Amino acid sequence: MKPHVICLMTTSVDGRAHHSRWRPKGAGAEWFERIHDELGGDAWLIGRVTGSEFAKGRPYPTTTSETFPRENWFARRDASAYGVVLDAHGKIGWGRSDIGGDPIVVVLTESVSDAHLAGLRGEGVSYIFAGKSEIDLALTLEILNRELGVKRLLLEGGGAANGAFLRAGLIDELNLILCPAVDGARGAPIVFDSGEAESDERAPVTAMTLESTRPLGGGVLLLRYLIQNDPQAVGK
């Protein structure tokens with residue numbers, strides 16, 4: 001069963017998502033955590049690049065005498081919310097087991113080394129496998145629902161992760177915090193992005209309905225869109 005996926009992002013009026021580049025500085029960026037809490041997800045999910053910003057450790061050792069089955073492993077199953085990070089090839093050394101009190105769950109592929117799995121286990125970082133060499137996002141959602149009871153997931157960037165979920169037809173709702181600021185620079189991070197290989201792929205979105213517009217003060221707006229995807233394309 002697929003959780004309800006809500007993409008939550010803060011953006012300038014020109015669609016850029018890196019707050020430090022905005023002018024005027026700090027315009028509305030403080031609203032993200034407030035809306036995150038209001039939405040009350042069972043889990044939130046970010047990509048590897050964004051996840052690396054939260055890491056406190058060094059890369060794990062490259063060798064180990066241990067071997068591990070490629071099976072999901074959980075240090076905890078009793079949390080009110082989980083921080084899920086896509087890290088297909090096991091690049092992040094965490095140095096922590098939670099982010100803001102939410103236990104980390106790493107999404108891996110079966111190509112990850114035993115040494116990396118030993119590092120994760122040693123730090124009490126849970127992990128799941130969702131593909132042999134590439135992450136299957138639909139399978140990721142299914143596992144989170146089945147194993148951890150996640151029914152409501154907040155997708156929170158970066159642009160590559162958001163774009164991958166969008167192209168897979170897995171986003172049900174977009175909550176966009178629109179701030180009175182501009183970036184204006186070419187190549188700045190955006191809400192939905194892709195690599196060269198996916199640049200010609202189109203999201204299977206068939207309709208977007210503006211459900212509500214909420215002024216947050218200081219010129220900041222919360223735009224809530226419901227997204228309808230082509231059911232034939234979902235998860236592909």
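Here the structure is a predicted model, which means the values were calculated and not measured.
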Please tell me if the side chains of [X] and [Y] come closer than 4.5 Å, counting only heavy atoms from C-beta onward.
X: Leu120; Y: Leu108; answer: yes
X: Ile171; Y: Phe192; answer: yes
X: Leu174; Y: Met208; answer: yes
X: Ser194; Y: Glu201; answer: no
X: Asp87; Y: Val112; answer: no
X: Thr10; Y: Trp22; answer: yes
X: Phe74; Y: Leu148; answer: yes
X: Asn162; Y: Asp193; answer: no

As a quick check of understanding, evaluate side chain to side chain contact (heavy atoms under 4.5 Å, CB included) for Asp172 and Lys2, giving each step before the final call.
CA-CA 10 Å; Asp172 302 294; Lys2 187 184 85 65; 2.5 Å; yes

Looking only at heavy atoms, which two atoms of [X] and [Y] are closest? And how far apart?
X: Arg70; Y: Ser113; result: NH2-C, 3.9 Å
X: Ile92; Y: His116; result: O-CE1, 3.2 Å
X: Arg16; Y: Ala188; result: NH1-O, 3.6 Å
X: Ala118; Y: Glu66; result: CB-OE1, 4.0 Å
X: Pro204; Y: Ala168; result: CG-C, 4.5 Å
X: Val84; Y: Ala43; result: CG2-CB, 4.1 Å

Transitive ILVMFWY side-chain link [X] to [Y], under 4.5 Å:
X: Leu176; Y: Trp31; answer: no
X: Leu166; Y: Val191; answer: yes
X: Ile6; Y: Ile46; answer: yes

Check for a donor-acceptor pair, side chain of [X] on one end and backbone N or O of [Y] on the other, with a separation under 3.5 Å.
X: Tyr82; Y: Leu45; result: no
X: Asp14; Y: Val182; result: no
X: Ser126; Y: Ala75; result: yes
X: Thr50; Y: Gly158; result: yes
X: Ser111; Y: Ser133; result: no

Kindly compute the distance separating CG (Leu39) from CG (Asn175), expressed to the nearest 0.5 Å.
5.0 Å

Carefully, step by step, assess Tyr225 and Val205 under the rule side chain to side chain contact (heavy atoms under 4.5 Å, CB included).
CA-CA 12 Å; Tyr225 290 92; Val205 175; over 6 Å; no

What pairs of donor and acceptor atoms, side-chain ones from residues 95-107 against any protein atom, are under 3.5 angstrom apart with sequence neighbours left out?
{"from": "Arg96", "atom 1": "NE", "to": "Asp98", "atom 2": "O", "distance (Å)": "2.7"}
{"from": "Arg96", "atom 1": "NH1", "to": "Phe54", "atom 2": "O", "distance (Å)": "2.8"}
{"from": "Arg96", "atom 1": "NH2", "to": "Asp98", "atom 2": "O", "distance (Å)": "3.3"}
{"from": "Asp98", "atom 1": "OD1", "to": "Gly101", "atom 2": "N", "distance (Å)": "3.0"}
{"from": "Asp102", "atom 1": "OD2", "to": "Trp44", "atom 2": "NE1", "distance (Å)": "2.8"}

Heavy-atom count around Glu147 CD within 6.0 Å, excluding the residue itself: above 12?
yes

Could you give me the CA-CA distance, side-chain angles and deciding distance for Ile35 and Arg214, then say whether side chain to side chain contact (heavy atoms under 4.5 Å, CB included) is met?
CA-CA 11 Å; Ile35 302 303; Arg214 176 181 161 194; 4.1 Å; yes

Using the test side-chain contact (heavy atoms from CB on, under 4.5 Å), find all partners of Lys151 that sit at least two apart in sequence or belong to another chain.
Asp42, Asn145

Worked verdict on Ile177 versus Leu222 for side chain to side chain contact (heavy atoms under 4.5 Å, CB included):
CA-CA 5 Å; Ile177 304 170; Leu222 174 61; 3.9 Å; yes

